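Since we're looking at a predicted model, the values are computed, not measured. Atoms considered below: every heavy atom in the structure, side chains included; atoms not considered: hydrogens, waters and symmetry mates.
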Amino acid sequence: QVQLVESGGGLVQAGGSLRLSCAASGSIFSINAMGWYRQAPGKQREMVAIIPSGGSTSYADSVKGRFTISRDNAKNTVYLQMNSLKPEDTAVYYCNAAVQVNELSRSNYYWGQGTQVTVSS
């Protein structure tokens with residue numbers, strides 16, 4: 001069993017900052033790519049940022065220069081530092097991770113439960 005738990009969401013004024021965390025736990029051999037996605041009411045879920053185990057990070061154009069994704073492999077945790085927040089950033093933010101439960105298995109994708117981010121104008 002693998003669980004992802006997000007934290008750090010909340011209410012912030014436009015121009016403010018938040019840092020989201022997502023910790024993976026359970027039966028984990030290795031974690032490959034990790035990422036953050038968000039879904040606003042009435043909209044499709046969209047990719048915000050992805051950080052592979054090896055390779056370049058990727059960001060949605062709408063957050064480039066404002067958000068930074070990072071990870072702590074020793075803690076099986078991924079972070080999203082969000083600066084200069086805008087009302088249009090308001091959404092439920094979900095953590096995603098590709099996890100191997102043993103060295104012979106392929107990666108499976110897991111989702112966290114989501115954390116609400118609300119940016120007021």
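- In this structure, the side chain to side chain contact (heavy atoms under 4.5 Å, CB included) partners of Gln113, at least two apart in sequence or on a different chain, are Val5, Glu6.
- In this structure, CG in Leu85 is found 6.5 Å from CZ in Arg66, a value given to the nearest 0.5 Å.
- Within the model, atoms CG of Leu80 and CE of Met82 stand 5.5 Å from one another, a figure rounded to the nearest 0.5 Å.
- Of all heavy-atom pairs spanning Gly112 and Tyr94, the tightest one is O-CD2, 3.6 Å.
- Residue Ile50 is not grouped with residue Val63 when hydrophobic side chains (ILVMFWY) are merged at heavy-atom distances under 4.5 angstrom, including chains of intermediate members.
- Partners of Asn108 according to the side chain to side chain contact (heavy atoms under 4.5 Å, CB included) rule, which considers only residues two or more places apart in sequence or in another chain, are Arg106, Tyr110.
- Counting only residues at least two apart or in different chains, side-chain hydrogen bond (donor to acceptor under 3.5 Å, both in side chains) contacts with residues 27-37 comprise Ser30-Gln100, Asn32-Ser107.
- Using a 4.5 Å heavy-atom threshold, the side chains of Asn96 and Trp111 count as touching.
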Side chains of residues 12-19: which donor-acceptor pairs under 3.5 Å do they make with residues two or more places apart or in other chains?
from: Ser17; atom 1: OG; to: Asn83; atom 2: OD1; distance (Å): 2.9

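- Side-chain atoms of Thr90 and Val117, non-hydrogen and from C-beta on, never get closer than 4.5 Å to each other.
- A continuous path of Ile, Leu, Val, Met, Phe, Trp and Tyr side chains, each step under 4.5 Å between heavy atoms, connects Ile51 with Ile28, placing both in one hydrophobic cluster.
- Residues that satisfy the ring-ring contact (aromatic ring centres under 6.0 Å, His included) test with Phe67, not counting sequence neighbours, are absent from this structure.
- Ser25 contributes atom OG, which lies 8.5 Å from atom CG of Asn76 (distance to the nearest 0.5 angstrom).
- Checked against side chain to side chain donor-acceptor pair (under 3.5 Å), Asn102 has no partners two or more places apart in sequence or in another chain.
- Under a 4.0 Å N-O distance rule, the pair Lys64/Asp61 qualifies as a salt bridge.
- Under the disulfide bond (SG atoms under 2.5 Å apart) criterion, the residue pairs touching residues 18-121 are Cys22-Cys95, with sequence neighbours excluded.
- Counting all heavy atoms, side chain and backbone alike, Tyr59 lies closest to Thr57 at CE1-OG1, 3.5 Å.
- For Glu46, the salt bridge (charged side-chain N to carboxylate O under 4.0 Å, His left out) criterion is met by Arg38, not counting sequence neighbours.
- By the side chain to side chain contact (heavy atoms under 4.5 Å, CB included) test, Ala97 is found to be paired with Leu4, Ile31, Met34, Val99, residues two or more places apart in sequence or in another chain being considered.
- No donor-acceptor pair closer than 3.5 Å links the side chain of Ser62 to the backbone N or O of Ala60.
- Looking at Arg71 and Ser53, their side chains come closer than 4.5 Å, going by heavy atoms from C-beta outward.
- Under a 4.5 Å side-chain heavy-atom cut-off, the cluster of Ile, Leu, Val, Met, Phe, Trp and Tyr residues that includes Leu11 has no other member.
- Expressed to the nearest 0.5 Å, how far OH of Tyr79 lies from OG1 of Thr68 amounts to 14.0 Å.
- Not a single salt bridge (charged side-chain N to carboxylate O under 4.0 Å, His left out) links Lys43 to another residue, sequence neighbours left out.
- Residues that satisfy the side chain to side chain donor-acceptor pair (under 3.5 Å) test with Thr118, not counting sequence neighbours, are Gln116.
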